[in-house]
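Every number for a ligand or one of its atoms is a count from 1 in the order of the listing.
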Amino acid sequence: MTTTPFDFTGRHVFVAGGSSGINFGIAQGFARAGARISLISRSQDKVDAAVEQLKALGTDAFGLAADVRQPDAVKTAVEAAAERFGPIDVLVSGAAGNFLASVLDMSPNAFKTVVDIDLMGSFHVARMAHPHLRQPGACVIQISASQAFTPTPFQAHVCAAKAGVDMLTQVLAMEWGPQGIRVNSIVPGPIADTEGLKRLAPTEETLNAMAQRVPLKRLGRTEDIARMAMLLASDWGSYITGAIIPVDGGLGLTGPRDFTAAAAASRRETR
Ligand code: COA
Ligand code: NAP
């Protein structure tokens, strides 16, 4: 993205899971629009690299290694971020994990791991950040997935977790609306060059099939998601809360995807 119609100069944007992929793309979008960015993810190396790239865009950035499954680590990180950049104007919650596996190929810990990262992690981030959200005016954006409302074989863990994320979005919108805090979910479609898409379409064949299935006939770009995040966080989004917003080129209209071939390819690669 080279230009932006949005101006977030001096605003504080906190991004959970912000060191790579879609969430990093969102961080870059806000950074280009003048915001100061704080971010967390598990890997200190990834956090450091992301912070350096954001600073190179001419803004201030700060990051800490923290696992969203650990509420105390999240609390420490949001406190440090608020100390550094002040109240949080935009909270992006997008840490997630995924792999293709049928229920019978999944141990209890495999299912729990994704629910812990995606759903419990979103709860921890929202819960621990709340004392530091600007009131009124803060905007919370949760990154969901179409699995939240499309039952999808090989994705039971993600379907269950992201459905919970969207329900959390809607309840928070109701509980926090009176405080002037808006809460929405963005549902990305298949976004090119991301870990998430690599895991669902691990071969060229499955990737092409995915792109062809999208009514707009292309994979998404991280900028597509960043633009929606900025629109939601701007004055143009000021009456939008509790919404679950697909940014997916229309893919969600086409029903459940068939991951049988991708799951077989992914099993060949990982086992
Ligand atoms: N099929 C079945 N089970 C799998 C699996 C697969 N492909 N990959 C991992 N698991 C199981 C593990 O065997 C383990 O269960 P067990 O203890 O009963 O053996 C459980 O999931 C947890 O795996 P582990 O590697 O210990 O978890 P982690 O916390 O280190 O990593 C993951 C979490 C598994 C989600 C990992 O893939 C990850 O870190 N993902 C982040 C990146 C990502 O997924 N990006 C896309 C976002 S959409
Ligand atoms: P990604 O690059 O792997 O992004 C996930 C981020 O979360 C990484 O920065 C990762 O960094 C971090 N993370 C993972 N587990 C964490 C944990 N326990 N605690 C803290 N941080 C953690 O993948 P992506 O594809 O861009 O996905 C980003 C979001 O978009 C996810 O919510 C995903 O469900 C959603 N989504 C993606 C697609 C797609 O096409 N890619 C489609 C629909 C929805 P560390 O490894 O350093 O922890």
Side-chain angles (χ1 to χ4, degrees), residues 15-28 39-50 63-71 73-74 77 92-122 124-125 141-148 150 152 154-159 161-162 165-166 185-202 207 210-211 214 219-222 224-226 229 245-249 251-252 257 259 262-271:
V15 188
S19 66
S20 61
I22 291 173
N23 307 320
F24 180 62
I26 293 172
Q28 286 177 305
L39 62 89
I40 58 169
S41 81
R42 292 167 301 176
S43 153
Q44 186 71 58
D45 287 350
K46 281 177 69 176
V47 166
D48 291 345
L64 278 179
D67 191 321
V68 295
R69 290 170 286 193
Q70 296 168 1
V74 175
V92 180
S93 192
N98 195 7
F99 47 82
L100 285 167
S102 69
V103 168
L104 295 182
D105 275 336
M106 228 184 270
S107 68
N109 189 44
F111 187 88
K112 181 177 183 297
T113 295
V114 169
V115 171
D116 277 350
I117 300 171
D118 293 27
L119 178 54
M120 291 305 299
S122 298
H124 296 149
V125 169
I141 297 169
Q142 307 221 84
I143 307 302
S144 184
S146 61
Q147 289 90 325
T150 311
T152 308
F154 304 102
Q155 289 283 272
H157 46 349
V158 176
C159 290
K162 293 288 196 183
V165 168
D166 283 351
S185 286
I186 294 178
V187 182
I191 304 301
D193 303 319
T194 60
E195 185 60 31
L197 185 55
K198 211 177 296 167
R199 287 172 185 232
L200 296 183
L207 195 62
M210 180 85 82
V214 177
L219 296 174
R221 301 186 265 267
T222 55
D224 293 317
I225 309 304
I245 303 172
V247 182
D248 67 353
L251 184 64
R257 286 163 285 166
F259 287 124
S266 140
R267 260 198 303 276
R268 274 197 303 276
E269 258 180 33
T270 56
R271 295 195 170 167

Is it the side chain (CB and beyond), the backbone, both or neither of [X] that lies under 4.0 Å from ligand 1, heavy atoms counted?
X: Arg42; value: side chain
X: Ala101; value: side chain
X: Arg69; value: side chain

Atom indices of ligand 2, in the order listed, that fall short of 4.0 Å to a heavy atom of [X]:
X: Ile22; value: 26 (O), 30 (O), 36 (N), 37 (C), 38 (C), 39 (C), 41 (N)
X: Ser43; value: 47 (O)
X: Thr194; value: 25 (O), 39 (C), 40 (O), 41 (N)
X: Ala66; value: 19 (N), 20 (C)

[options]: member with heavy atom nearest to [atom]:
atom: atom 48 (O) of ligand 2; options: Gln147, Arg42, Arg199; answer: Arg42
atom: atom 18 (O) of ligand 1; options: Gly17, Pro188, Ala263, Ser107; answer: Ser107
atom: atom 46 (C) of ligand 1; options: Ser266, Gly196, Gly94; answer: Gly196
atom: atom 47 (C) of ligand 1; options: Ala110, Ala96, Ala145; answer: Ala96
atom: atom 22 (C) of ligand 1; options: Asn98, Asp105, Thr113, Ile191; answer: Thr113
atom: atom 4 (O) of ligand 2; options: Ser20, Gly21, Ala95; answer: Ser20
atom: atom 14 (C) of ligand 2; options: Ala50, Gly17, Ala96; answer: Ala96
atom: atom 42 (C) of ligand 2; options: Gly189, Ala192, Ser93; answer: Gly189

4.0 Å heavy-atom contact, [X] with ligand 2:
X: Gly97; answer: no
X: Lys198; answer: no
X: Gly220; answer: no

Which residue holds the protein heavy atom closest to [atom], what is that atom called, and what is the gap in Å?
atom: atom 18 (N) of ligand 2; value: Asp67 OD1, 2.8 Å
atom: atom 44 (C) of ligand 2; value: Ser144 O, 3.2 Å
atom: atom 10 (C) of ligand 2; value: Lys46 NZ, 3.8 Å
atom: atom 35 (C) of ligand 2; value: Ile143 CG2, 3.7 Å
atom: atom 47 (O) of ligand 2; value: Ser41 OG, 2.6 Å
atom: atom 43 (C) of ligand 2; value: Pro188 O, 3.3 Å
atom: atom 3 (O) of ligand 2; value: Glu195 CB, 3.5 Å
atom: atom 25 (O) of ligand 2; value: Gly196 N, 2.8 Å

Within reach of ligand 2, part of [X] (heavy-atom separation under 4.0 Å):
X: Ala16; answer: neither
X: Asn23; answer: side chain
X: Pro190; answer: backbone

Going by heavy atoms in the side chains, are [X] and [Y] under 4.5 Å from each other?
X: Arg42; Y: Arg69; result: yes
X: Gln155; Y: Leu200; result: yes
X: Ile225; Y: Ile191; result: yes
X: Gln147; Y: Arg257; result: yes
X: Phe24; Y: Thr222; result: no
X: Phe99; Y: Val114; result: yes
X: Ile26; Y: Ile143; result: yes

So is [X] polar-close to ligand 2, meaning N/O to N/O under 3.5 Å?
X: Gly94; result: yes
X: Val68; result: yes
X: Ile117; result: no
X: Ser19; result: yes
X: Ile191; result: yes

Task: Asp193 CG: over 12 foreign heavy atoms closer than 6.0 Å - done: no
Which distance, rounded to the nearest 0.5 Å, do you find between the [atom1] of [X] and the [atom2] of [Y]?
X: Gln28; Y: Asn23; atom1: CD; atom2: CG; result: 11.5 Å
X: Leu197; Y: Met210; atom1: CG; atom2: CE; result: 5.5 Å
X: Ile141; Y: Ser93; atom1: CD1; atom2: OG; result: 10.5 Å
X: Ser20; Y: Leu39; atom1: OG; atom2: CG; result: 10.0 Å
X: His157; Y: Leu119; atom1: NE2; atom2: CG; result: 14.0 Å
X: Gln142; Y: Asp118; atom1: CD; atom2: CG; result: 11.0 Å

Does any N or O in the side chain of [X] come within less than 3.5 Å of the main-chain N or O of [Y], such that one atom is a donor and the other an acceptor?
X: Asp224; Y: Arg221; value: yes
X: Thr152; Y: Thr150; value: yes
X: Arg199; Y: Asn98; value: yes

Open item on the list: Walk me through whether Val187 and Val247 qualify under side-chain contact (heavy atoms from CB on, under 4.5 Å).
Closed with: CA-CA 6 Å; Val187 182; Val247 182; over 6 Å; no
Open item on the list: Could you check whether any heavy atom of Glu195 sits closer than 4.0 Å to an atom of ligand 1, since that is the contact criterion I want to use?
Closed with: yes
- [ ] Using distance alone, determine whether Arg199 and ligand 1 share an N or O pair under 3.5 Å.
- [x] yes
Task: Minimum heavy-atom distance between Ala66 and Ala77, given as atom pair plus value - done: CB-CB, 4.4 Å
Open item on the list: So, using salt bridge (charged side-chain N to carboxylate O under 4.0 Å, His left out) as the criterion, who are the partners of Asp166 when residues are at least two apart?
Closed with: none
